[in-house]
Amino acid sequence: MLVYGDATRREPAARKLARLRGQLADARASPAGLGRHCLLVDALIEAGELVQGVADAHFLAAGKRDTPSPQTDAAMALTVAVARLCAQSWETAFAHEWRQGPLEDRLAACETLLASADLEVKQPEGYAFYALYPEGHFAAAKRLGPGPWRVIGLRSIGTSLAAMAAVALDAPAPLTLRPVGHPFERHVSLGDAPLAKPAAHHAIVDEGPGLSGSSIAGVIRRLRDEGVPADRIHLFPGHANGPGAQANDETRALWTQASVHVVGFDELILRAKHPAHRLQGWVESLVGPLHAPLAEITGGAWRRAHGDGQGDVPPAHPWQERRKFLAHSHHGAWLVKFIGLGHAARQRFGCAMRLAEAGFSPTVAGLCHGFMVEQWHDEMAPLSLARLQCTELRARLVERVADYIAFRVRSFPAPEENGASLRALCEMGRHNSTQALGNGLASAWDRFQVQAERLEGRVQRVKTDNRMHAWEWLADDNRILKTDAVDHHAGHDLIGCQDAAWDVAGACTELGLTAEELDRLVDGLLRRGCRIDAELLSFYAPAYLAFQLGHYHLAAQDARSQDEQRRLESHCERYTQALRDQLAGS
């Protein structure tokens, strides 16, 4: 099934450097504390993306081989300088005295060398989705002894992570590599220079391992081939679980030869030794002292917090869920949810603030180093199939959905290049439909393919919700609130930002709208100044179903319990039948 996709974007290097300069200026002007530290980490992520974009451009120009370049070296030197500030801030519990050092010279050198560069930048997934903190790699490396060290960061996220490790190890600026080949059999593609440094320890830094762990294994293989002893190879991954289910025997054997060093989120932040590093303290600075320790509700545990019984229980995909916690203070209950690090996460937080101020989403207390704190409404129940039988509630809901989608259209426009093209959605739809239904109905996508070419110019992209499922709405007699509304347009999937018609298609499917209710929704949007293109909606309807089918199919394969698997498979069956009907009708 086609579900996932890398979030990439084109961005001039000059724009990234201007943003980075602004982040550093804001940090310099801020008082010592967590706020200033967050700005420094934002700048580190920005600098790491710069290195990735520059290095990948030279990699492609050299025939997909990693070779040295003054531009990459300058960008990495800048990233290491920012990493040093982050490390000083972390080690002093955010109380360090600002010492800019060579930072201005590093910035100026990059501005000169990269003035006209146009980069393809990839979103660092660990920072965006998986609560991976660069301070963790610094802490893990800090535990090791003196070198000499050769630090190797794997792109994309390995650029900034390797900079933090290099600072901890007092090592030269890292080398950055882009392993190539089949996703489960990666290898290193270099120029003539050897990868190894004689007599040095070698640190391989990345956010993985993923399904196969082959990227890191490819570097280990190259080092071993160049004669590096196993006891001089050290791995700094994002977790200690080892390679995933797609790892072959050789990959697993290579991993066992090296030492693995990990300081994960729980040790680094949840149960940190220093109070200033603890998430609970960050939350208390926003909502006051907590009555009890933070209660984790990741992995579907949020359902129990809402008091769901054994009946209409929403499904959950635990390993895809972001870390989230429940907090209780004198001012009420609060959801503490990871929404990401860096500039993009601040944009998502801005969306959350605007939605809350407009009354569409829960009140937001603030943002603390990647975690958004918003009010938890335990007095309001999520919508369920039983509650959706209420005629009065359905009428209110249709009007509320119209208000909500129209507000997003007005408030959150997106660049044309953000999000999958209609052609890509068509390819996904055809592939997932064939996987689920066989070839019999695949020809229906021929017409959609023609539609896609014709309709692409009519798409008006916005930061769509992409998550209109019933359990994402809270309702009582007076209010209807939308939860989980700020980051699915920037999720780890191929959809991204779409036309508002995508959310209309989602609402129709997930809320079980009748034809009459759909007409009322479309008419209501038109009255609010938001015209829904009927042809585009007819294209999105099967594409939405095909995507959700793929998503829930993969989630069911990964389910950790039979009950969860049954819930997920039930939704697969629902999407399969609806998709079959759509394609047969077309």
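Because the structure is predicted, anything quoted here is derived from the model rather than measured.
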Quiz item: Rounded to the nearest 0.5 Å, how far apart are CG of Leu39 and CG of Leu44?
Solution: 12.5 Å

Quiz prompt | Option among Thr363, Val486, Val364 that satisfies the side chain to side chain contact (heavy atoms under 4.5 Å, CB included) test with Met353 | solution = Val364

Quiz prompt | Check: Leu195 main-chain N/O paired with Arg150 side-chain donor or acceptor under 3.5 Å | solution = yes

Quiz item: Atom CZ of Arg252 and atom CG of Asn248: how far apart are they, to the nearest 0.5 Å?
Solution: 8.5 Å

List, one per line, each side-chain donor-acceptor pair under 3.5 Å for residues 236-244, sequence neighbours excluded.
unit_1, atom_1, unit_2, atom_2, d
His239, ND1, Asn241, N, 3.0
His239, NE2, Pro209, O, 2.7

Quiz item: Do Ser214 side-chain atoms and Pro183 backbone N/O form a donor-acceptor pair below 3.5 Å?
Solution: yes

Practice problem: Specify the closest pair of heavy atoms between Pro172 and Ala166, including all atoms of both residues, with the distance to one decimal. | Solution: O-CB, 3.8 Å

Self-check item: Asp56: partners by side chain to side chain donor-acceptor pair (under 3.5 Å), with sequence neighbours left out
Solution: Gln52, Arg155, Arg178

Practice problem: Would you give the length of the straight line joining atom CG of Leu119 to atom CD of Gln71, rounded to the nearest 0.5 angstrom? | Solution: 11.0 Å

Quiz item: When the ring planes of His277 and His274 are compared, do they come out parallel, tilted or perpendicular, using 30° and 60° as the limits?
Solution: tilted

Self-check item: Geometric class of the Phe371/Phe325 ring pair [parallel <30°, tilted 30-60°, perpendicular >60°]
Solution: tilted

Quiz item: Any side-chain heavy-atom pair from His492 and Tyr130 closer than 4.5 angstrom?
Solution: yes

Quiz prompt | Evaluation steps, side-chain contact (heavy atoms from CB on, under 4.5 Å), between Val3 and Leu494 | solution = CA-CA 6 Å; Val3 174; Leu494 55 82; 5.7 Å; no

Practice problem: Return yes if some donor-acceptor pair links the side-chain N/O of Ser89 with the main-chain N/O of Leu85 below 3.5 Å, else return no. | Solution: no

Under 3.5 Å, sequence neighbours excluded: what are the donor-acceptor pairs made by side chains of residues 262-270?
unit_1, atom_1, unit_2, atom_2, d
Asp266, OD1, Arg323, NH1, 3.1
Asp266, OD1, Arg323, NH2, 3.0
Glu267, OE2, Arg143, NH2, 2.2

Exercise. Of all the heavy-atom pairs spanning Arg65 and Leu190, show the shortest one and how long it is.
Key: NE-O, 3.3 Å

Quiz item: Nearest 0.5 Å, what's the CH2-OG1 distance between Trp302 and Thr483?
Solution: 8.0 Å

Practice problem: Measure from the side-chain N and O atoms of Arg278 to the backbone N and O of Lys273, and report whether any donor-acceptor pair falls under 3.5 Å. | Solution: yes

Practice problem: Could you check if a side-chain atom of Leu78 sits within less than 4.5 angstrom of a side-chain atom of Leu20, using non-hydrogen atoms only? | Solution: yes

Quiz item: Where the side chain of Arg348 meets the backbone of Asp487, is there a donor-acceptor pair that is under 3.5 Å apart?
Solution: no

Quiz item: Is Lys324 paired with Glu296 through a side-chain N to carboxylate O contact shorter than 4.0 Å?
Solution: no

Quiz item: Out of His96, Gln88, Glu135, which one pairs with His37 under the side chain to side chain donor-acceptor pair (under 3.5 Å) rule?
Solution: Glu135

Quiz item: Below 4.5 Å, heavy atoms only, C-beta onward: do Val167 and Phe138 meet side chain to side chain?
Solution: yes

Quiz prompt | For Leu290 against Ser329, the heavy-atom pair lying closest together | solution = CD2-CB, 4.0 Å

Quiz item: Salt bridge or not for Arg36 and Asp26, using N-O below 4.0 Å?
Solution: no

Self-check item: Charged N-O contact under 4.0 Å between Arg461 and Glu417
Solution: no

Practice problem: Give a yes or no on whether the backbone of Phe129 and the side-chain of Arg322 come within a donor-acceptor separation of less than 3.5 Å. | Solution: no

Quiz item: Among all residues two or more places apart in sequence or in another chain, which pass the side chain to side chain donor-acceptor pair (under 3.5 Å) test with Arg271?
Solution: none

Quiz prompt | Glu284 CD to Leu294 CG distance, which is reported to the nearest 0.5 Å | solution = 8.0 Å

Quiz item: So does Asp42 pair up with Arg19, basic N to acidic O under 4.0 Å?
Solution: no

Quiz item: Do side-chain atoms of Thr79 reach the backbone of Ala47 as a donor and acceptor pair under 3.5 angstrom?
Solution: yes

Quiz item: After noting the C-alpha distance and the side-chain angles of Arg21 and Glu104, does the key distance pass the salt bridge (charged side-chain N to carboxylate O under 4.0 Å, His left out) rule?
Solution: CA-CA 9 Å; Arg21 185 177 282 280; Glu104 181 58 41; 3.2 Å; yes

Quiz item: How about Glu11: does its CD atom have over 12 heavy atoms from other parts shown lying under 6.0 Å from it?
Solution: yes

Quiz item: What heavy-atom pair brings Thr251 and Ala217 nearest, and what distance separates the two atoms?
Solution: CG2-CB, 3.8 Å

Quiz item: Can you list the residues that meet the side chain to side chain donor-acceptor pair (under 3.5 Å) rule with Arg222, with sequence neighbours excluded?
Solution: Glu226

Quiz item: Looking only at atom types and distance, does a side-chain atom of Thr464 sit under 3.5 Å from a main-chain N or O of Asn466, one as donor and one as acceptor?
Solution: no

Quiz item: If we only count heavy atoms from C-beta on, is the His261 to Leu144 side-chain gap below 4.5 Å?
Solution: yes

Exercise. Measure the spacing between NE2 of His201 and CG of Asp231 and express it to the nearest 0.5 Å.
Key: 7.0 Å

Practice problem: Using a 4.5 Å cut-off on heavy atoms from C-beta on, say whether the side chain of Lys463 contacts that of Cys351. | Solution: yes

Self-check item: His234 backbone acceptor or donor facing Ser259 side chain under 3.5 Å
Solution: no

Exercise. Applying side-chain contact (heavy atoms from CB on, under 4.5 Å), run through Asp66 and Ser189 and close with a yes or a no.
Key: CA-CA 6 Å; Asp66 275 308; Ser189 178; 5.9 Å; no

Quiz item: Does the side-chain contact (heavy atoms from CB on, under 4.5 Å) test come out yes or no for Ile216 and Leu235, once each step is laid out?
Solution: CA-CA 8 Å; Ile216 288 177; Leu235 310 185; 3.7 Å; yes

Quiz item: Do Thr8 and Gln123 have side-chain heavy atoms sitting under 4.5 Å apart?
Solution: no

Practice problem: Evaluate the criterion side-chain contact (heavy atoms from CB on, under 4.5 Å) for residue pair Arg408 and His489; output intermediate values, then yes/no. | Solution: CA-CA 12 Å; Arg408 293 193 77 103; His489 67 274; 4.3 Å; yes

Quiz item: Under the ring pair (Phe, Tyr, Trp, His ring centres under 6.0 Å) rule, what pairs show up with a residue in residues 48-87, not counting sequence neighbours?
Solution: none

Quiz item: Do the side chains of Ile233 and Gln257 get nearer than 4.5 Å, heavy atoms only?
Solution: no

Practice problem: Return yes when atom CD of Glu416 has more than 12 non-hydrogen atoms of other residues, nucleotides or ligands closer than 6.0 Å, and no otherwise. | Solution: no

Practice problem: Work out which heavy atom in Leu154 is nearest to a heavy atom in Asp206; give both atom names and the distance. | Solution: O-OD1, 3.6 Å

Quiz item: If only atom types and distance count, is the side chain of Glu321 paired as donor or acceptor with the main-chain N or O of Gly299 below 3.5 Å?
Solution: yes

Practice problem: Answer yes or no: is there an ion pair linking Arg9 with Glu49, defined by an N-O contact shorter than 4.0 Å? | Solution: yes

Quiz item: If we only count heavy atoms from C-beta on, is the Val373 to Cys368 side-chain gap below 4.5 Å?
Solution: yes

Exercise. Taking all non-hydrogen atoms of both residues into account, name the closest pair between Leu161 and Pro134 and its distance.
Key: CD2-CA, 3.8 Å

